[in-house]
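Structure first, commentary second.
None of these values were measured; they are calculated from a predicted model.
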Amino acid sequence: MSDVKPSLIKAADVILFSKCYDVRAVAIARALRGSDALIGVDFFDDVFSQSHEPRLLHWRRWARQMAADTDFALCSTPRMQDVAARYLPRDSCHLLNDPFERFAPLALGSLLQAKVDHARTERRIKVGWFGQGDNPRYPVGLRDLAAFGESLQRLAGRGWAVHLTILTARKSLTAEGLEQLRRLSVPHVVHEWSLEAEERLLRDALVAYIPVNSQPFSAAKSLNRAVSALTHGAQVLSDGHPLYEPFGDLIYSRAEDLADDLEGGALRLRAASLPALVEHMTEWGDPAIEAARLSGFLNGRKLHKAARAPGAPPRPMAILHGLESDKASNIMTRRLGCLSVASPLSRPGRNYDVAFVVEDETVRLDINPDARPHLAPAFQADLTPSTNAKGEPRLQLDLCRVLAPDMLQSLTVSDDMHPLRRRMEYRAAMTAMLQLTRRMLPEMDVILSEIDPIAAGLGPDSDNAGAIA
């Protein structure tokens with residue numbers, strides 16, 4: 001995202017933010033307020049609906065920040081449409097199904113029969129599991145595989161030799177991840193995931209095992225793994241939450257049913273059921289149909305936006321950098337013409353336009369002369385010339401002389417505090433900093449930038465709190 005040039009942003013007809021949960025997305029969307037460009041948000045994963053979860057507060061705030069300047073949402077499932085509709089009008093939330101990469105139904109019949117014949121001859125079932133092995137916030141991936149793995153043992157209990165192949169990212173194979181795999185009661189091998197490895201696995205495996213737990217994050221996932229498995233000729237066994245119900249009887253939810261069908265030589269996905277598979281893929285995964293639906297939806301949003309009365313033009317923006325605001329956000333937002341404002345807690349050594357500096361008993365404002373026009377008129381006469389460490393001209397304002405003492409309280413957090421207490425004090429400090437920055441720069445739209453998940457979650461209660469990158 002940092003490589004995107006402002007000229008490209010301004011020339012775009014549609015801008016879609018996907019997993020860009022930081023101040024850069026907010027600044028771009030606000031900079032384009034009043035333009036003809038459509039601004040969209042990809043509600044890909046459900047990190048927005050768990051209102052009881054304080055660790056996700058920064059995502060919810062980010063969604064609220066974006067909502068005022070967002071024209072549409074893309075949603076991977078009907079459930080995510082419901083989530084997006086908490087922030088945006090329902091008719092602006094479009095369902096975009098994950099489409100298949102390749103689908104050749106005429107070639108699948110012989111492949112499906114060959115898999116069944118091989119399994120029955122060898123009395124051996126090849127099973128594949130593929131996906132992201134872990135998540136920093138949710139117990140998914142290898143945890144699901146271990147928790148539901150008894151299903152594979154039930155297959156083995158029917159007299160079949162079950163061999164499991166696992167494809168996942170190398171980073172998931174931590175000590176904890178490997179401990180999860182030790183709980184599996186069937187023989188298994190682990191390989192690093194790649195798209196090519198996934199295609200080979202699904203072409204070779206009789207069964208794709210895709211258990212789903214019932215937490216909101218998992219229940220809102222798209223159908224893409226089942227789409228991949230079915231279009232490559234693998235039976236789908238999915239116990240737990242019935243995520244893949246749209247594919248009807250093609251999905252197995254019980255290992256016993258799969259074993260019974262295999263004994264009879266007629267599995268649910270077979271040559272005779274390919275017309276049903278084609279019908280399901282037409283509804284849920286055809287790329288041409290999904291593209292046409294998306295095009296029609298975006299054209300409709302364009303007409304809707306053109307018919308609206310023009311809103312107020314965007315105000316100039318000031319980005320207030322918090323405890324862990326990243327360098328990329330500073331660079332990108334300055335390219336957009338935003339003022340870069342350092343709080344006393346910001347990382348030093350960056351090119352800030354305005355800086356609040358606390359030294360001993362004094363609090364001063366250090367400002368680039370180019371930013372002077374944005375300073376409130378009441379403080380202009382009290383500015384004094386200065387230079388920074390590089391010898392560049394700056395202006396300074398002694399805030400202790402021009403503001404009441406209560407305006408300058410709680411601007412810093414002591415390094416000597418316990419880390420948890422320090423994070424709690426951050427709330428008061430950044431609330432005070434937002435109020436002070438708006439007092440000094442009254443004509444600007446002040447937005448907090450923060451990428452630390454805990455700091456962002458404990459930040460100010462207003463929707464101007466930042467979000468995790």
Side-chain angles (χ1 to χ4, degrees), residues 2 6 9 22-34 58 61-62 64-66 68-69 312-358 363-380 382-383 388 392 394-397 399 402-403 407-408 411-412 426 429-451 455-456 459-467 469:
S2 296
I9 294 171
D22 63 29
V23 74
R24 292 173 291 178
V26 177
I28 291 172
R30 292 196 186 180
L32 293 173
R33 182 179 289 176
H58 43 286
R61 283 177 169 161
W62 181 88
R64 289 197 298 271
Q65 284 179 291
M66 292 293 294
D69 300 299
R315 291 193 295 162
M317 286 175 282
I319 309 301
L320 176 61
H321 295 276
L323 184 67
E324 291 291 342
S325 180
D326 65 333
K327 186 177 180 180
S329 292
N330 188 32
I331 294 172
M332 178 70 174
T333 53
R334 292 187 86 240
R335 277 193 209 147
L336 291 171
C338 305
L339 275 191
S340 174
V341 182
S343 70
L345 300 171
S346 301
R347 293 293 180 94
R350 294 179 184 168
N351 192 14
Y352 298 112
D353 299 299
V354 178
F356 291 89
V357 182
V358 176
V363 183
R364 73 173 189 272
L365 186 70
D366 186 87
I367 185 169
N368 185 321
D370 293 338
R372 179 173 184 167
H374 298 289
L375 187 66
F379 305 113
Q380 294 279 349
D382 295 293
L383 290 169
N388 61 16
E392 298 167 335
R394 303 289 282 188
L395 297 170
Q396 288 188 353
L397 176 64
L399 296 179
V402 298
L403 294 175
M407 286 287 297
L408 303 177
L411 298 184
T412 61
Y426 176 80
M430 294 314 296
T431 299
M433 277 306 311
L434 277 168
Q435 293 172 347
L436 182 57
T437 305
R438 289 171 179 146
R439 172 82 178 270
M440 307 308 295
L441 307 170
E443 301 301 318
M444 304 203 78
D445 189 0
V446 181
I447 307 168
L448 174 65
S449 173
E450 180 58 75
I451 64 171
D461 285 329
S462 76
D463 283 351
N464 279 326

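Here the straight-line distance linking atom CZ of Arg24 with atom CD1 of Ile319 works out to 11.5 Å at 0.5 Å rounding. The NZ atom of Lys327 lies 12.5 Å from the NE2 atom of His321; values are rounded to the nearest 0.5 Å. Put simply, CG on Asp326 and CD1 on Ile331 are 9.0 Å apart, with the number rounded to the nearest 0.5 Å. One finds the CZ atom of Arg394 at 4.5 Å from the CG atom of Asp366 (value rounded to the nearest 0.5 Å). Summarising the geometry, atom CD1 belonging to Ile367 is positioned 7.5 Å from atom CG belonging to Leu339; distances are rounded to the nearest 0.5 Å. For the atom pair CZ (Arg315) and CZ (Arg33), the distance works out to 8.5 Å, reported to the nearest 0.5 Å.
For Arg335, there are no side-chain hydrogen bond (donor to acceptor under 3.5 Å, both in side chains) partners, not counting sequence neighbours. Under the rule for a side chain to side chain contact (heavy atoms under 4.5 Å, CB included), the partners of Ala376 that lie at least two apart in sequence or sit in another chain are Phe379, Pro442.
Pairing each heavy atom of Arg372 with each of Leu395, the nearest pair is CD-CD1, 3.7 Å. The nearest pair of heavy atoms linking Ala378 to Asp382 is O-OD2, 4.0 Å. Annotation for Leu448 and Val23: closest pair O-CG2, 4.1 Å, computed over non-hydrogen atoms. Closest non-hydrogen pair, Ala429 versus Leu345, comes out as CB-CD1, 4.1 Å.
When side chains are defined from C-beta on, Glu450 counts as touching Glu324, because their heavy atoms get closer than 4.5 Å. Proximity of Leu411 to Ser343: side-chain heavy atoms (C-beta onward) are nowhere separated by under 4.5 Å. You'll find the side chain of Leu365 reaches within 4.5 Å of the side chain of Leu375, heavy atoms only.
Dense packing is recorded around CD of Gln380, with more than 12 heavy atoms of other residues, nucleotides or ligands lying under 6.0 Å away.
For the pairing with Met440, the side-chain contact (heavy atoms from CB on, under 4.5 Å) check across Val446, Leu403, Val341 returns one residue only, Leu403.
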Please list, one pair per line, the donor and acceptor atoms closer than 3.5 Å that link side chains of residues 350-358 to other protein atoms, with sequence neighbours excluded.
residue, atom, partner, partner atom, Å
Arg350, NH1, Ser325, O, 2.7
Tyr352, OH, Arg347, O, 2.7
Asp353, OD1, Arg334, NH2, 2.8
Asp353, OD2, Arg334, NE, 3.3
Asp353, OD2, Ser340, N, 2.8

